[in-house]
Amino acid sequence: MGITEIRERQFNEIDKKVLEQIDLLIKNSKMPIMRDLKTNNPLWVDVRELTQRFMIPIGRIYKFFDQLSKGKIIGTKCPKCGSIYFPPQDDCTKCRVSGLDVIELSGEGELLTYTVITVKPVSFMHYQDYIVGIARLKEGINILAWVNEKLEDIQVGMKVKVNVVRREPEGYFTYELRKV
Amino acid sequence: MTDVAIVGTGHSKFGNRTDVNLQELTWEAVKQALEESNLDQKDIDTFVVGNAGGWSSESLSAIVIGEYCNLAPKGTMRVEAACATGSAALRIAYQAIKAGEAKIAMVIGVEQMHQSPNPVAVEMMGRAGNYFWEFENFGLTFPGYYALYATRRMAKFGMKEEDLGQIAIKNHYYGSFNPYAMFQKQIKMDEYIKSRVVAYPLKIYDACPITDGAAALILASEEVAKKITDSPVWIVSQGFKSGTANLSKRDDFISIDVARLAAEEAYKKAKVDFDEAWKYFDVAEAHDCFTIAEIMAYEDLGFAKRGEGHLLAREEQTYVGGRIPVNVDGGLKAKGHPIGATGVSMAVSITRQLLHRAAKGTQADIKKGMGIAHNVGGTGHYAYVTIFSLKKPSA
Ligand SMILES: [Zn+2]
């Protein structure tokens, strides 16, 4: 299932109902005005819609995505002060050096903490409840990702590994944490 | 430089305010503050609007509010510091008076979150961390961010669910006496334990609600304050710091580091000893967007040792009569958390406490004449700690 199909399904579930409701309101009261269910207060239902989809520049760290598609997780390292950056960035703003070195991360670490998201944002509604964790890698940096394990198998302090996977049902590359 | 005093306070009813729009809601607080201080709009040199924005239809809220509240053409701006927006607005007005640019300044905080449907609100709050690396890819929600702290602390310090429940029970208890609070119903431990999980281990009763509300303050220079009122409440100091957007860039998940740094800054100016901080204050407001946040606040403010915040809750030391009463207006948990209004509301609560004007059943004993407000933005993105006193700071 691709983005189109997922979006359409969500659109049908949420937006379509609202639009039909606005049509009905206008038909009945000649204006897009509804009554609050609890208080009966009149509410004007916005007939203008704002949807946003951002275009986020990733040129400076494109090497991360290039490597990810090859199954590797990289960070960047400052040749001057040795700082390791994850999420990767191409500027060491401590010593004002740009064009940092690429280092492949071990992906091995320890789970610092986790949570299970049961009340999900709209744009994540099509997933099952997911576990988000933060692990500290050997390199001393932290990484946040979904933990793809059963809840009862997860403990703070357990050894984990970063895995490159496809995010389904959309099918694009991302990374997750797995128990070692 | 002049000292700065609070000479007027205003507070709307917090809740699901579908009976008013954003500017009408704001007017409730503005009108109250003007009446309390016996001032007219023409006396206000400048007004600062704390409004995180994005929830309601008006995007240039300061202007819409200025027009409706008859404050134009005085100079204004909208200020944003996430959930600490109200404290940031206070800071701007405070600085304007300190610098001699204004003699009387109004601080307005407002948010009307119910203009956005609930699922959109969940989405918007989740996007308030680091957008790309933490939301776009992994869908963290706002309770999720704080849940990561709770899980870590349970594993590390033996904190229990019931310890978090103590915070919820206390704040609902005091909220039941506060006529401005969104929730005025007390809760019991079994209701807390049974409430629905939103982000393990946090439940509905660990979380503050989505709220509409407004609050206002009128600040004045020393010279003007003395003419207006014989009961000014002085702003002694304010510490403010910033943290990382990426939650994963925090060191350990047991403390909101920026809040501790902000407290240290405020304490230094006020000559408060961090390790015995609770001895200096009669009452405190702590940012309890989630119960776990209040527990960490106890430690970040020096009211409890690191790792022992939950014990302070377990021993009920933060009720009136305990070591230090915290959030006796119901806190964000029961009073509600209209993002931009929260910091201003905290200042209103402390001012009214110090002046013995708190709601019946919520008044703390005022012996030292000092109160403190701890206001965190995001999940430790911003922190503002403000100290208030009945005594003029430079006296
Ligand atoms: Zn460097």
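To find a chain, count down the sequence lines: A is the first, B the second, and so on, and within it residues start at 1.
At a 4.5 Å heavy-atom cutoff, A:Arg48 makes no contact with chain B through either its backbone or its side chain. Proximity to chain A is limited to the backbone of B:Glu136, based on heavy atoms less than 4.5 angstrom apart. Contact of A:Leu43 with chain B is made through the side chain alone, with heavy-atom distances under 4.5 Å. Residue A:Ser123 touches chain B through both its backbone and its side chain, counting heavy-atom pairs closer than 4.5 Å. Of the two parts of B:Arg250, only the backbone, made up of N, CA, C and O, holds a non-hydrogen atom closer than 4.5 Å to a non-hydrogen atom of chain A. The part of A:Tyr130 that comes within reach of chain B is its side chain, from C-beta onward, which places non-hydrogen atoms under 4.5 angstrom from that chain. For chain A, the nearby parts of B:Asp19 are the backbone and the side chain; heavy atoms of each come within less than 4.5 Å.
Between the side chains of A:Asn142 and B:Ser248, not a single donor N or O lies within less than 3.5 Å of an accepting N or O.
The shortest distance between side-chain heavy atoms of B:Thr151 and A:Val156 falls below 4.5 Å. Proximity of B:Lys249 to A:Pro87: side-chain heavy atoms (C-beta onward) are separated by under 4.5 Å at one or more points. Residues A:Val119 and B:Pro143 are not in side-chain contact: their nearest non-hydrogen atoms beyond the backbone lie 4.5 Å or more apart. In this structure, the side chains of B:Tyr200 and A:Thr118 stay at 4.5 Å or more apart for every pair of heavy atoms. In this structure, A:Thr113 and B:Tyr149 have side chains that are not in contact, with every pair of non-hydrogen atoms separated by 4.5 Å or more.
In this structure, CG on A:Leu112 lies 7.0 Å from CG on B:Asp252, to the nearest 0.5 angstrom. In this structure, CG on B:Asn16 lies 7.0 Å from OG1 on A:Thr39, to the nearest 0.5 angstrom. A distance of 14.0 Å separates NZ in A:Lys120 from CG in B:Leu140, rounded to the nearest 0.5 Å. The distance from the CD1 atom of A:Ile56 to the OH atom of B:Tyr131 is 5.5 Å, given to the nearest 0.5 Å. Rounding to the nearest 0.5 Å places NZ of A:Lys38 at 9.5 Å from OG1 of B:Thr18. How far CD1 of A:Ile134 is from CD of B:Glu134: 6.5 Å, rounded to the nearest 0.5 Å.
Ring pair A:Tyr85/B:Trp133: centre-to-centre distance not below 6.0 Å. Side-chain rings of A:Phe124 and B:Phe135 approach one another, their centers coming within less than 6.0 Å. Checked against a 6.0 Å centroid threshold, the rings of A:Tyr175 and B:Phe138 count as neighbours.
Heavy-atom neighbours of A:Lys77 NZ from other residues, nucleotides or ligands within 6.0 Å: at or below the threshold of 12. Heavy-atom neighbours of A:Arg35 CZ from other residues, nucleotides or ligands within 6.0 Å: above the threshold of 12. More than 12 heavy atoms of other residues, nucleotides or ligands sit less than 6.0 Å from atom CZ of B:Phe132. Other residues, nucleotides and ligands place more than 12 heavy atoms under 6.0 Å from the CD atom of A:Glu168. Counting non-hydrogen atoms of other residues, nucleotides and ligands closer than 6.0 Å to CD of A:Glu152 gives a total above 12.
Among the candidates B:Val197, B:Asn21, B:Val120, the residue making the largest number of heavy-atom pairs closer than 4.5 Å to chain A is B:Val197. Between chain A and the options B:Leu247, B:Val198, B:Thr141, B:Leu202, the largest number of non-hydrogen pairs under 4.5 Å is found for B:Val198. Each of B:Pro201, B:Ala199, B:Gly126 has some count of heavy-atom pairs under 4.5 Å with chain A, and the biggest count is that of B:Ala199.
For B:Ala147 against A:Thr115, the heavy-atom pair with the smallest separation is CB-OG1, 3.2 Å.
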Practice problem: Walk me through it: do A:Phe86 and B:Asn246 pass the test side-chain contact (heavy atoms from CB on, under 4.5 Å)? | Solution: CA-CA 10 Å; A:Phe86 189 88; B:Asn246 279 305; over 6 Å; no

